[in-house]
Amino acid sequence: MLKRNLYAIACCIALTAAHGCQEKQEENSWQTSVMPIRCHVSSVSGMSGNRSLIESNDQLNQIGITKGEAIALWGDFTFNGEVFHEFINTPLTCTTTENNTWNYHDYTRYWNNHAQYKFRAFFPMNAIGNKAQAADAASLNIDYNTETLQEDLLVTYREINTDTWNLEKAVPLEMQHALATLKFVFKMEEGSKRTNSLTSLHLDKQLKTAGRLIYNTPNVSINSWHNLQTSAATQLYAWANSGINFNATTQAVAYTTPQGTTTTMGAEYCVSNGHVLIIPQECAVAPTISLTTPTKAYNVSLGTTQFTPGKQYIYTITVRDDDELHITLRIKKWNELDSSYDINF
């Protein structure tokens, strides 16, 4: 049974309303609260020892330090039917520091009473760059190409009504994985005395490799991938290695480079412990993979056409002594893990 834990990046966002006022206003005007806005960001993940799929706040923190990554956050509020952009169409960005906190250097803002707030965020801002467009907190479009970018994409959205929300509480912003992953594990059949070797693997053309996530209000969904694009390459996520040995008790994992081996093609896909990030989609036919051992080449159907955001598709391929293959699929959610660092804006 999968073990699931929740990790939280305790996120303290201090926001000062640009239009608010501390004094009592007329009935048709808002009144600024004395309480700063605080957000509690939680994220789902499930990898270890890699830099591309976010598992823990330790990893998130190190990515921020070594790669300069950032979380992007938009915030709007509505009062009497009029929308006010807290961040003037530009997201707040928080980046990590050496003392294990995330910081944004901005003047302080506070809640406005009798207002409806919207918050929208994604990670990693720096890696996505100009591929993300948002007019305000109600709209976020992200163009993503998995052939050129293998970074975990996390998104979140939340609405808060200050008439019903306890302003002393942190706003829960639950991030979700917007992509899916594939992983391929090889072994010999039980009882076999043979040692085999995996030398290459690629997917064929059935998968789309790029698309646009339209993460908008009111239909906020990480399933909203559009404009899916077919790669110009004939071999998708092509990977080759000098040879990863496997037998009945020792497995080989594609898209890795174990000690003593050399990856000669597709090193850009060897950043997530064998997991390759893909665009969520439904294929017309089940995708196929092509793979080689030192003595034989294979073409194998993956047997499924639906790939869902936030899911890992782990294929175990067993080679029999007569060189025939048996493939099994396990679909699992990315785990939720615990963390407790602060993000200070």
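Because only heavy atoms are used, hydrogens play no part in the values below, and waters and symmetry mates are left out as well, while side chains stay in. Just so you know, residue 1 is the first one in the sequence shown, and it goes up from there.
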What distance separates Q281 CD from T209 OG1, expressed to the nearest 0.5 Å? 8.5 Å
What's the verdict on ring-ring contact (aromatic ring centres under 6.0 Å, His included) for F84 and F79, showing C-alpha distance, side-chain angles and the deciding distance? CA-CA 8 Å; F84 298 89; F79 182 81; 7.6 Å; no
Is there a side-chain contact between T305 and V285 (heavy atoms, below 4.5 Å)? no
State the CG-CG distance between L236 and D204, to the nearest 0.5 angstrom. 7.5 Å
Below 4.5 Å, heavy atoms only, C-beta onward: do V155 and L213 meet side chain to side chain? yes
In sequence, state the C-alpha distance, the side-chain angles, and the governing distance for T316 and K187, and then conclude on side-chain contact (heavy atoms from CB on, under 4.5 Å). CA-CA 8 Å; T316 299; K187 65 178 183 178; 4.0 Å; yes
Can you name the nearest heavy-atom pair linking G243 to N241, along with the distance? N-OD1, 2.7 Å
Can you name the closest pair of heavy atoms from D152 and L277 and give their distance? N-CD1, 3.8 Å
So, T181 and H275: side-chain donor and acceptor under 3.5 Å apart, yes or no? yes
What do the steps show when you test Y255 against W239 for ring-ring contact (aromatic ring centres under 6.0 Å, His included), and what is the final call? CA-CA 6 Å; Y255 301 106; W239 167 84; 5.7 Å; yes
Evaluate the side-chain proximity of T292 to Y298: yes if any heavy-atom separation is below 4.5 Å, no if none is. no
So CG of L207 and CG of L182: to nearest 0.5 Å the spacing works out to 6.5 Å
Going by distance alone, is a donor N or O of one side chain under 3.5 Å from an acceptor N or O of the other, for E159 and Y157? yes
Are the side chains of N196 and N247 in touch, meaning some heavy atoms are under 4.5 Å apart? no
How long is the span from the CD atom in E282 to the OG1 atom in T304, to the nearest 0.5 Å? 9.0 Å
Is any side-chain heavy atom of N299 closer than 4.5 Å to a side-chain heavy atom of S290? yes
If hydrophobic clusters are built by linking Ile, Leu, Val, Met, Phe, Trp and Tyr wherever their side-chain heavy atoms come under 4.5 Å apart, do V300 and L201 end up in the same one? yes
Joint cluster assignment, L203 & I327, ILVMFWY side-chain distance < 4.5 Å: yes
Would you kindly confirm whether V253 and V271 end up in one hydrophobic cluster when ILVMFWY residues are joined by side chain heavy atoms under 4.5 Å apart? no
Distance-minimising heavy-atom pair for P280 and A180: CG-N, 4.1 Å
Got a donor-acceptor contact below 3.5 angstrom from the S301 side chain to the G303 backbone? yes
Check: L198 main-chain N/O paired with T293 side-chain donor or acceptor under 3.5 Å: no
Using the rule that Ile, Leu, Val, Met, Phe, Trp and Tyr join whenever any side-chain heavy atoms are under 4.5 Å apart, tell me whether L302 and L329 fall into a single cluster. yes
Assess whether side-chain contact (heavy atoms from CB on, under 4.5 Å) is satisfied between L179 and I279, documenting all intermediate values. CA-CA 6 Å; L179 300 170; I279 300 294; 4.1 Å; yes
ring-ring contact (aromatic ring centres under 6.0 Å, His included) partners for F246, two or more places apart: none
Between T288 and Q206: side-chain donor-acceptor atoms closer than 3.5 Å: yes
Evaluate the side-chain proximity of S139 to Y215: yes if any heavy-atom separation is below 4.5 Å, no if none is. no
What distance separates R120 CZ from T156 OG1, expressed to the nearest 0.5 Å? 9.0 Å
Is there a side-chain hydrogen bond (donor to acceptor under 3.5 Å, both in side chains) between D321 and S192 once you walk through the steps? CA-CA 7 Å; D321 279 339; S192 174; 2.6 Å; yes
Derivation and outcome, side-chain contact (heavy atoms from CB on, under 4.5 Å), residues W165 and L167: CA-CA 6 Å; W165 183 255; L167 301 186; 4.1 Å; yes
Quick one: do T162 and N113 satisfy side-chain hydrogen bond (donor to acceptor under 3.5 Å, both in side chains)? Show the steps, please. CA-CA 6 Å; T162 57; N113 294 327; 5.2 Å; no
Ring pair (Phe, Tyr, Trp, His ring centres under 6.0 Å) pairs, two or more places apart, involving residues 182-205: F184-Y315
So do I289 and I317 actually touch side chain to side chain, heavy atoms under 4.5 Å? yes
Hydrophobic cluster identity match, L149 and L140, side-chain contacts under 4.5 Å: yes
In terms of side-chain geometry, is the basic nitrogen of R212 or D143 positioned less than 4.0 Å from the acidic oxygen of its partner? yes
Can a donor-acceptor pair be found between the side chains of Y237 and T146 at a distance below 3.5 Å? yes
Pairwise side-chain contact, V276 with K183, heavy-atom cut-off 4.5 Å (strictly under): no
Between A252 and I244, the two heavy atoms sitting closest are CB-CG2, 3.5 Å
Heavy-atom closest contact (R194 atom, R320 atom, distance): NH1-O, 3.7 Å
Under the criterion side-chain contact (heavy atoms from CB on, under 4.5 Å), I'd like the reasoning laid out for T308 against Y313: C-alpha separation, chi angles, the key distance, then a yes or no. CA-CA 9 Å; T308 304; Y313 295 80; 3.5 Å; yes
Find the distance between NE2 (H326) and CD (E189) and round it off to the nearest 0.5 Å. 11.0 Å
For the residue pair Y117 / N112, report whether a side-chain donor-acceptor contact shorter than 3.5 Å exists. yes
Of the non-hydrogen atoms in P287 and F307, which two are nearest, and what is the gap between them? CG-CE1, 3.9 Å
Within the 3.5 Å criterion, strictly below it, is a donor on E147 or S231 matched to an acceptor on the partner's side chain? yes
